J.: 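After the structure tokens below, expect a handful of questions from me.
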Amino acid sequence: MSQLGPVMLDVVGTRLDPSDLARIRHPLTGGVILFARNYHDRDQLVALTSAIRAARPDLIIAVDHEGGRVQRFRTDGFTRLPAMGRLGTLWDADVLQATRMATATGYVLAAELRACGIDLSFTPVLDLDYGESTVIGDRAFHRDPRVVTLLAKSLNHGLALAGMANCGKHFPGHGFVAADSHVAIPVDERELDQILGEDATPYDWLGMSLAAVMPAHVIYPKVDAQPAGFSRKWLGMLRQRFAFQGVIFSDDLSMHGASVAGGALDAAQAALEAGCDVALICNSPDKADQILAGLKPGIDAASSARLAALKPAAPAPDWETLQREPRYLAARELVLSL
């Protein structure tokens, strides 16, 4: 089996062009991330994921598909998924119903994506809802890290029932700062003990049930001058203090929050040297080309094996078969009732 490279990148449109194919076939490419612009309808999406598989059968195909305002595919049969904050509100009224709904949401989310050839969604958000962050907001389950942990665990159970891994984000926590790392460089001035005692606790409590983690493009100057995704201190803490064994994805290196590390190639190199397994570059084909052309030293065998482990172990039913599955129909009815 070929090894997966340390770069995840996107494709330009709803079908592959020759430049897309060249990037996908590059040995340093380990995955493809899809966006709303890559979607017209389900048939087209299946054709696109099939074309990616034909070019590189081993690649991980991923998407940001959380629910609420971060759901890339919303039409042609895809279930409108609730924002995770809705599950947190339900928790305050009925704990067991909230965990049941979270599992159903995870199952529907993953089953629908897998029926279209997608391996992984970058979910759940483990950030705490302090009421400060506009970019996080109702993407977070709750303010209480214990509630976040238990709802995320239930969502992850639903993902797993459909054969999908999970990715907790944004380590150690993006919820406290108001700035949006897409367009700014957020700075969280709190002490390490406060961050570890609240925001980072879901990563500890979820433990081995987390398959992947994405660090925040946030600087915590009381800990390190570098954003978490470029910080040996933070990523070393994730590996050692929290004993995390899964994949560490950088957040998107085209975001403004990554600009402190320099240009795209420098940022990718810095993220990998700090401890990320995968450098994620989105919405910038020219930057993806720079990274693929200049990245050193190449493929790390341990990172490649961790990334390959995210691939579903068994084939998924196609869409038509899924629509006849009693478990899916029951879960979908629950989700639509929320």
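Predicted model only: the values in this text are computed from it and were never measured.
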J.: As an exercise, state the distance from OG1 of Thr201 to CG of Asp144, rounded to the nearest 0.5 Å.
T.: 8.5 Å
J.: Check whether NZ of the Lys or CZ of the Arg Arg190 lies under 6.0 Å from the centre of the six-membered ring of Phe176 and within 45 degrees of that ring's axis.
T.: yes
J.: Just checking, any donor-acceptor pair under 3.5 angstrom between side chains of Arg74 and Gln71?
T.: no
J.: Between Lys287 (side chain only) and Leu265 (backbone N and O only), is there a donor and an acceptor less than 3.5 Å apart?
T.: no
J.: Using modelled atom types only, decide if a donor and an acceptor are shared between the side chain of Thr49 and the backbone of Ile118 within a distance under 3.5 Å.
T.: no
J.: Quick one: pull up CG in Leu253 and CG in Asn283 and give me the separation to the nearest 0.5 Å.
T.: 12.0 Å
J.: Using side-chain heavy atoms (C-beta onward) and a distance below 4.5 Å, is Leu206 in contact with Phe242?
T.: no
J.: May I ask you to decide if Glu189's main-chain N or O and Lys222's side chain share a donor-acceptor pair within less than 3.5 Å?
T.: yes
J.: So, the side chain of Ser231 versus the backbone of Pro227: is there a donor-acceptor pair under 3.5 Å, distance only?
T.: no
J.: Taking all atoms of both residues into account, what is the closest heavy-atom pair of Asp127 and Gly175, and its distance?
T.: CB-N, 3.9 Å
J.: Any chance CZ of Arg143 has more than 12 other-residue heavy atoms, nucleotides or ligands included, within less than 6.0 Å?
T.: yes
J.: Measure the acute angle between the ring planes of Phe249 and Phe122, then classify it against the limits of 30° and 60° as parallel, tilted or perpendicular.
T.: perpendicular
J.: When you measure from the side chain of Ser250 to the backbone N and O of Leu280, does any donor-acceptor pair fall under 3.5 Å?
T.: yes
J.: Ignoring hydrogens and angles, state whether a donor on the side chain of Asp199 or Tyr130 is under 3.5 Å from an acceptor on the partner side chain.
T.: yes
J.: Are more than 12 heavy atoms, taken from residues, nucleotides or ligands other than Arg146, located less than 6.0 Å from that residue's CZ atom?
T.: no
J.: Identify whether Leu34 and Val12 are in the same connected component of the hydrophobic contact network (ILVMFWY, side-chain heavy atoms under 4.5 Å).
T.: no
J.: Would you call Arg139 and Asp129 a salt bridge, using N to O less than 4.0 angstrom?
T.: no
J.: Would you check if the side chain of Arg37 reaches a backbone N or O of Val11 as a donor-acceptor pair within less than 3.5 Å?
T.: yes
J.: Hey, is Arg69 close enough to Asp138 for a salt bridge, meaning N to O under 4.0 Å?
T.: yes
J.: Roughly how far, to the nearest 0.5 Å, is the CG atom of Asp204 from the CG atom of Leu196?
T.: 9.0 Å
J.: Testing Met84, His174, Lys169 one by one against Ile136 for a side-chain contact (heavy atoms from CB on, under 4.5 Å), which residue passes?
T.: His174
J.: Checking Tyr39 side chain against Thr75 main chain: does a donor-acceptor pair fall under 3.5 Å?
T.: yes
J.: When you measure from the side chain of Ser303 to the backbone N and O of Asp300, does any donor-acceptor pair fall under 3.5 Å?
T.: no
J.: Is there a donor-acceptor pair closer than 3.5 Å between any side-chain N or O of Thr29 and the backbone N or O of Arg23?
T.: yes
J.: Looking only at side chains, do Asn38 and Arg15 share a donor and an acceptor under 3.5 Å apart?
T.: no
J.: Between Phe141 and Trp91, does a ring-ring contact (aromatic ring centres under 6.0 Å, His included) hold up when you go through it step by step?
T.: CA-CA 9 Å; Phe141 288 105; Trp91 173 284; 9.8 Å; no
J.: Between Asp252 and Cys282, which heavy-atom pair has the shortest distance, and what is it?
T.: OD1-N, 3.0 Å
J.: Does either side chain, that of Ser121 or that of Glu66, offer a donor lying less than 3.5 Å from an acceptor on the other one?
T.: no
J.: From Thr89 OG1 over to Leu338 CG, what is the distance, rounded to the nearest 0.5 angstrom?
T.: 9.0 Å
J.: Between Thr321 and Asp318, does any side-chain donor sit less than 3.5 Å from a side-chain acceptor?
T.: yes
J.: Between the main-chain N or O of Asp286 and the side-chain N or O of Ser284, is there a donor-acceptor pair closer than 3.5 Å?
T.: no
J.: Distance only, no hydrogens: is a donor on one side chain within 3.5 Å (strictly under) of an acceptor on the other, for Glu112 and Tyr328?
T.: yes
J.: Give a yes or no on whether Leu120 and Val70 share a hydrophobic cluster (residues Ile, Leu, Val, Met, Phe, Trp, Tyr; joining criterion: side-chain heavy atoms under 4.5 Å apart).
T.: no
J.: Tell me, please, whether Trp319 has Arg42 positioned over its six-membered ring: NZ or CZ under 6.0 Å from the ring centre and within 45 degrees of its axis?
T.: yes
J.: Can you tell me if CD on Glu333 sees more than 12 non-hydrogen neighbours from other groups inside 6.0 Å?
T.: no
J.: Atom CZ of residue position Arg53 - does it have more than 12 heavy atoms of other residues, nucleotides or ligands inside 6.0 Å?
T.: yes
J.: Aromatic rings Phe73 and His65: how do their planes relate, parallel, tilted or perpendicular, breaks at 30° and 60°?
T.: tilted
